[in-house]
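A short worksheet on the structure shown next.
Along the sequence shown, residues are numbered consecutively beginning with 1. Hydrogens, waters and symmetry mates are skipped; everything else that's a heavy atom, side chains included, is used.
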Amino acid sequence: ERNQADVSEAKLGRTDLIFLIRFRHCCLLRNQRCLLAYLYDRLLRIRALRWEYGSVLPSTIQFHMSAEEVEWFNRYKKSLATYMRSVGGEEGLDLTQDIKPPKSLYIEVRCLRDHGEFEIDDGTTILLKKNSQHFLPRWKCEQLIRQGVLEHVLS
């Protein structure tokens, strides 16, 4: 407001205020750049939360987000889900499954409880009994590891 008042006075002939007007204007532009950088950094962090926590954020994190940020998160979540469904054929492709690339395609697993028969893509069936160990494709047994049926054996 003071800058606008000084601009009005400068138009009337007070040329001594021009330096002050330019200085204030540069300060306003700097503050605007700082705010935009802060908001962009916050947006990148919110996007990273989707990859870290999945499609549902913990309430402790959501508490610290504004309504606009929650809305942006939900739109990003829907956009990512639409893209993943369109890429992988019938079932889609879950890009959030392996954030870090696996070191090997096959892993050694131990069965923690009786599960029954388990079929691999090549048609082979394996009987998953308690305490039995198997060498299986990583992507086929990740779901069973999360469910607590299998345990990844680290040598």
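- Residues Gln133 and Val109 form no side-chain contact, since every pair of their non-hydrogen atoms from C-beta on lies 4.5 Å or further apart.
- Hydrophobic clustering (ILVMFWY, side-chain heavy atoms < 4.5 Å, transitive): Val153 and Leu136 are in distinct clusters.
- Side chains of Leu49 and Leu57 form a contact here, defined as non-hydrogen atoms less than 4.5 Å apart.
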| Verdict with supporting geometry, Arg50 and Leu80, side-chain contact (heavy atoms from CB on, under 4.5 Å) | CA-CA 9 Å; Arg50 167 59 180 96; Leu80 182 63; 3.9 Å; yes
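- Once rounded to the nearest 0.5 Å, the distance linking CG of Leu128 with CG of Leu144 reads 7.0 Å.
- For the atom pair CZ of Arg24 and CD of Gln4, the computed distance is 11.0 Å after rounding to the nearest 0.5 Å.
- No salt bridge links Asp6 with Arg2; every basic N to acidic carboxylate O contact stays at or beyond 4.0 Å.
- With a 4.5 Å cut-off on side-chain heavy atoms, Cys111 and Lys130 do not count as touching.
- Tracing side-chain contacts under 4.5 Å through hydrophobic residues (I, L, V, M, F, W, Y), one never reaches Tyr38 starting from Tyr40; they form parts of separate clusters.
- Residues Phe73 and Leu39 do not share a hydrophobic cluster, clusters being chains of Ile/Leu/Val/Met/Phe/Trp/Tyr side chains in contact below 4.5 Å.
- Taken from CD in Glu9 to CD1 in Ile21, the straight-line distance is 8.5 Å, to the nearest 0.5 Å.
- Ile18 and Leu20 sit in two unconnected hydrophobic clusters of ILVMFWY residues. Membership requires side-chain heavy atoms under 4.5 Å apart, directly or through other members.
- Under a 3.5 Å cut-off, the side chain of Arg110 and the backbone N or O of His152 do not form any donor-acceptor pair.
- Annotation for His64 and Thr60: closest pair CD2-O, 3.1 Å, computed over non-hydrogen atoms.
- Residue-environment remark: NE2 (His25) stays at or below the threshold of 12 foreign heavy atoms within 6.0 Å.
- The 12-atom threshold is exceeded at CG of Leu29, counting heavy atoms of other residues, nucleotides or ligands nearer than 6.0 Å.
- Judged purely by atom type and a 3.5 angstrom limit, Ser79 has no side-chain atom pairing as donor or acceptor with the backbone of Arg75.
- The distance from the CG atom of Asn131 to the CD atom of Glu151 is 9.5 Å, given to the nearest 0.5 Å.
- Side-chain contact check for Ile107 versus Cys141: some heavy-atom pair is nearer than 4.5 Å.
- In this structure the side chain of Phe118 reaches within 4.5 angstrom of the side chain of Lys140, judged on heavy atoms.
- Between atom CG of residue Leu127 and atom CD of residue Glu117 there is a gap of 6.5 Å, rounded to the nearest 0.5 Å.
- You'll find the side chain of Leu105 stays beyond 4.5 Å of the side chain of Trp139, heavy atoms only.
- Taking 4.5 Å as the limit, every side-chain heavy atom of Leu150 sits out of range of all side-chain heavy atoms of Leu112.
- To the nearest 0.5 Å, the span separating CG on Asn3 from CZ on Phe23 amounts to 10.5 Å.
- One N or O on the side chain of Glu69 and one on the backbone of Ser66 form a donor-acceptor pair closer than 3.5 Å.
- A 6.0 Å sphere centred on CZ of Arg30 holds no more than 12 heavy atoms belonging to other residues, nucleotides or ligands.
- Trp72 is listed as a side-chain neighbour of Leu43, based on a closest heavy-atom distance under 4.5 Å.
- Without hydrogens or angle criteria, Asn74 side chain to Val70 main chain gives a donor-acceptor distance under 3.5 Å.
- One hydrophobic cluster, built from ILVMFWY side chains closer than 4.5 Å, cannot hold both Ile120 and Tyr106; they sit in different ones.
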